[in-house]
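On a predicted model such as this, the values are computed, not experimentally measured, just so you know. The figures that follow rest on heavy atoms only: side chains count, while hydrogens, waters and symmetry mates do not. Lettering of chains follows the sequences in order, A, B, ..., and the numbering in each one begins at 1.
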Amino acid sequence: MLDPRLLRSELEATAAILARRGFSLDLAQIQALEERRKSLQIDTQALQNERNTKSKAIGQAKAAGQDIQPLLAEVADLGDKLKAAEEALNGLQDELLQISLGIPNLPHESVPEGKNEDDNREERRWGTPATLDFEPKDHVDLGTALGGLDFEAAARITGARFSVIHGEMARLHRALIQFMLDTHTQEHGYSEVYVPYIVNSDSLRGTGQLPKFSADLFALNGDSGFYLIPTAEVPVTNLLRDQIVEDADLPRKWVAHTPCFRSEAGAYGKDVRGMIRQHQFEKVELVQAVRPEDSFDALEQLTGHAEAILQKLALPYRVVTLCTGDLGFSSAKTYDLEVWLPGQQAYREISSCSNFRDFQARRLQARRRHPDTGKPELLHTLNGSGLAVGRTLVALLENYQQADGSVVIPEVLRGYMGGQERLQRRAK
RNA sequence: GGAGGGUUGGCAGAGCGGUUGAAUGCACCGGUCUUGAAAACCGGCAAUGGUUAAUCCCAUUCCAGGGUUCGAAUCCCUGACCCUCCGCCA
């Protein structure tokens, strides 16, 4: 959520910045609502003041043993007038809140202008895609031939966009999770946290998935109002909801491994093959809460932490800055890491690292106590995948494939694999 | 699933339907004292919104939402969460 003051006193400048990302603000509507709100609020508060003053006088008169009947007559119709004014004001304020909850974050000035992902700006490349002397297979053919991936079974058990992983490949998938968690906790200073995979709607509102993007979520049946998490960002960032943290405790840095559940509504026909786009996948997520002045430095660092995983796995990738048109709803600036997939001959997203500034913190009421003033002040929040585990497995299979269909296991993972060096077809 | 108790400021913890935004303690900030620190003593110290150049001032907020009342932290109803006991369970 944006600072409400922007909508009151800097409406046109704000609208101009939002227009960069293709969002158009209804200026006339907001101005009209704001004007009505202002006058209604002043009227309502005047009535409240009158009620308070007269009630106090009644109390004093009663204590002094005087007749309170004349005073009671004075306030006879006050209640109805006040109630009507309060209801009108509440309705108006709720209307303004709903509008505010639907307005995306302001893109940072360093974010390139653009309409869609074609306009994203490439920042750098790391590693060189291997030149193979054979036709590379994609992960589906590789994984199926190795007996590790079974999409037919998954479709039978549940439906499309799910995976079954067997044997050594399942172990490799698990090894990736351990490796990522260990790296981030031991080398990058994150503290590991285990969180619920089911959250309430307040949490989703806090991080920005609700009210606007409920179609992307799996909601639980019944009247609990619970949802499966689409990312660990939701439960982990909500650790801070309604908290005031001491400045000395900043920055807070958490890493969590969770499954993620996404309905992928509107993704029909996109990435239908394999485990690139699934309803359920594992992810190791990095979350930071920092002092406002530090958040852009923190974004560079956090992105570097995600890159470190790709580098240790020796997977070629590139870093792109999302353009204004591709930027997520809550984000002020986002770097995507895209890993090279030989099976597709393309770079594909494997991590997304974002600085939300105070956008989430305002919804969450996540604050620090300012060391100089002692006053509460909104934090800045960030997060990034470090990394999406399913897609990392895909990248490993495709980049480490051999002519005979086997897959070499990267050095850094062998300790988690009992020293195993290679995935290959085995007799059952 | 059954029975009971609870939710008040950064924290702990009082609060009779009437100048209670709320006692007290801790923490924090400023001062006195001290070579310095500690202790002691004195003073200050909620958030959000409106208005304002700023202060003043005004309003709202004692888990949430309704209700009673001229007036609710306090009474009534509903819900959420926490705790204790019983049952069940990994």
What does the B/S/- profile of nucleotides 49-67 of chain B look like, 5' to 3', with a 4.0 Å heavy-atom cutoff to protein?
BSS------BSS------S

Determine all donor-acceptor pairs shorter than 3.5 Å in which one atom belongs to a side chain in residues 203-211 of chain A; sequence neighbours excluded.
unit_1: A/Ser203; atom_1: OG; unit_2: A/Asn200; atom_2: OD1; d: 3.3
unit_1: A/Ser203; atom_1: OG; unit_2: A/Arg241; atom_2: NH2; d: 2.9
unit_1: A/Thr207; atom_1: OG1; unit_2: A/Ser203; atom_2: O; d: 3.2
unit_1: A/Thr207; atom_1: OG1; unit_2: A/Gln209; atom_2: OE1; d: 2.6

Of all residues at least two apart in sequence or in a different chain, which pass the side chain to side chain contact (heavy atoms under 4.5 Å, CB included) check with [X]?
| X | result |
| --- | --- |
| A/Asp247 | A/Leu250, A/Arg291, A/Arg368, A/Pro371 |
| A/Gln69 | A/Asp67, A/Leu72 |
| A/Ala314 | A/Tyr400 |
| A/Glu246 | A/Asp249, A/Arg369 |

Secondary structure string for RNA chain B (Watson-Crick or G-U under 3.5 angstrom, | for other-strand pairs):
((((((((.[[[..)..(.....]]].(((((.......))))).(((((......))))).[[[[[..)....]]]]])))))))....

Under 3.5 Å, side-chain donor or acceptor atoms of residues 411-419 of chain A against the rest of the protein: list the pairs with distances, not counting sequence neighbours.
unit_1: A/Arg414; atom_1: NE; unit_2: A/Ile409; atom_2: O; d: 2.8
unit_1: A/Arg414; atom_1: NH2; unit_2: A/Ile409; atom_2: O; d: 2.9
unit_1: A/Tyr416; atom_1: OH; unit_2: A/Asp182; atom_2: OD2; d: 2.7

Can you give me every donor-acceptor pair (side chain of residues 89-103 of chain A, partner residue at least two apart or in another chain, under 3.5 Å) with its distance?
unit_1: A/Asn90; atom_1: ND2; unit_2: A/Glu86; atom_2: O; d: 3.4
unit_1: A/Ser100; atom_1: OG; unit_2: A/Leu96; atom_2: O; d: 3.0

Expressed as a whole number of angstroms, how long is the span from [X]:[atom1] to [N]:[atom2]?
| X | N | atom1 | atom2 | value |
| --- | --- | --- | --- | --- |
| A/Asp247 | B/rC28 | CG | C1' | 14 Å |
| A/Gln365 | B/rA46 | CD | P | 18 Å |
| A/Arg369 | B/rG9 | CZ | P | 13 Å |
| A/Glu246 | B/rC11 | CD | P | 10 Å |
| A/Asp80 | B/rG71 | CG | P | 11 Å |
| A/Ile244 | B/rC45 | CD1 | C1' | 14 Å |
| A/Phe226 | B/rC81 | CZ | C1' | 11 Å |

Pairwise N/O distances under 3.5 Å, protein to nucleotides 20-23 of chain B:
none

Touch class at under 4.0 angstrom, heavy-atom based, for A/Lys375 against every strand present
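Sugar-phosphate: the residue A/Lys375, judged by heavy atoms under 4.0 Å, touches backbone atoms but no base.
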
Heavy atoms only, 4.0 Å cut-off, all strands: where does A/Gln60 land among base, sugar-phosphate and nothing?
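It contacts base atoms.
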
Would A/Glu123 and A/Arg121 pass as an ion pair if we require N to O under 4.0 Å?
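Salt bridge flag = yes for A/Arg121 with A/Glu123.
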
If you look only at distance, which donor and acceptor atoms sit under 3.5 Å apart when one is on a side chain in residues 150-169 of chain A and the other is two or more places apart or in another chain?
unit_1: A/Asp150; atom_1: OD1; unit_2: A/Glu152; atom_2: N; d: 3.3
unit_1: A/Asp150; atom_1: OD1; unit_2: A/Ala153; atom_2: N; d: 2.9
unit_1: A/Arg161; atom_1: NH1; unit_2: A/Lys270; atom_2: O; d: 3.3
unit_1: A/Arg161; atom_1: NH1; unit_2: A/Asp271; atom_2: O; d: 3.4
unit_1: A/Arg161; atom_1: NH1; unit_2: A/Arg277; atom_2: O; d: 3.2
unit_1: A/Arg161; atom_1: NH2; unit_2: A/Ala267; atom_2: O; d: 2.8
unit_1: A/Arg161; atom_1: NH2; unit_2: A/Lys270; atom_2: O; d: 3.2
unit_1: A/Ser163; atom_1: OG; unit_2: A/Gln278; atom_2: OE1; d: 2.4
unit_1: A/Glu168; atom_1: OE1; unit_2: A/Gln420; atom_2: NE2; d: 3.1
unit_1: A/Glu168; atom_1: OE1; unit_2: A/Arg426; atom_2: NE; d: 3.4
unit_1: A/Glu168; atom_1: OE2; unit_2: A/Gln420; atom_2: NE2; d: 3.4
unit_1: A/Glu168; atom_1: OE2; unit_2: A/Arg426; atom_2: NE; d: 2.4
unit_1: A/Glu168; atom_1: OE2; unit_2: A/Arg426; atom_2: NH2; d: 2.9

Can the ring centroids of A/Phe261 and A/Tyr197 be said to lie less than 6.0 angstrom from one another?
no

Show me the side-chain donor-acceptor pairs of residues 387-396 of chain A shorter than 3.5 Å, one per line, residues at least two apart or across chains.
unit_1: A/Arg391; atom_1: NE; unit_2: A/Ile276; atom_2: O; d: 2.9
unit_1: A/Arg391; atom_1: NH1; unit_2: A/Glu349; atom_2: O; d: 2.8
unit_1: A/Arg391; atom_1: NH2; unit_2: A/Ile276; atom_2: O; d: 3.1
unit_1: A/Thr392; atom_1: OG1; unit_2: A/Ala388; atom_2: O; d: 2.6

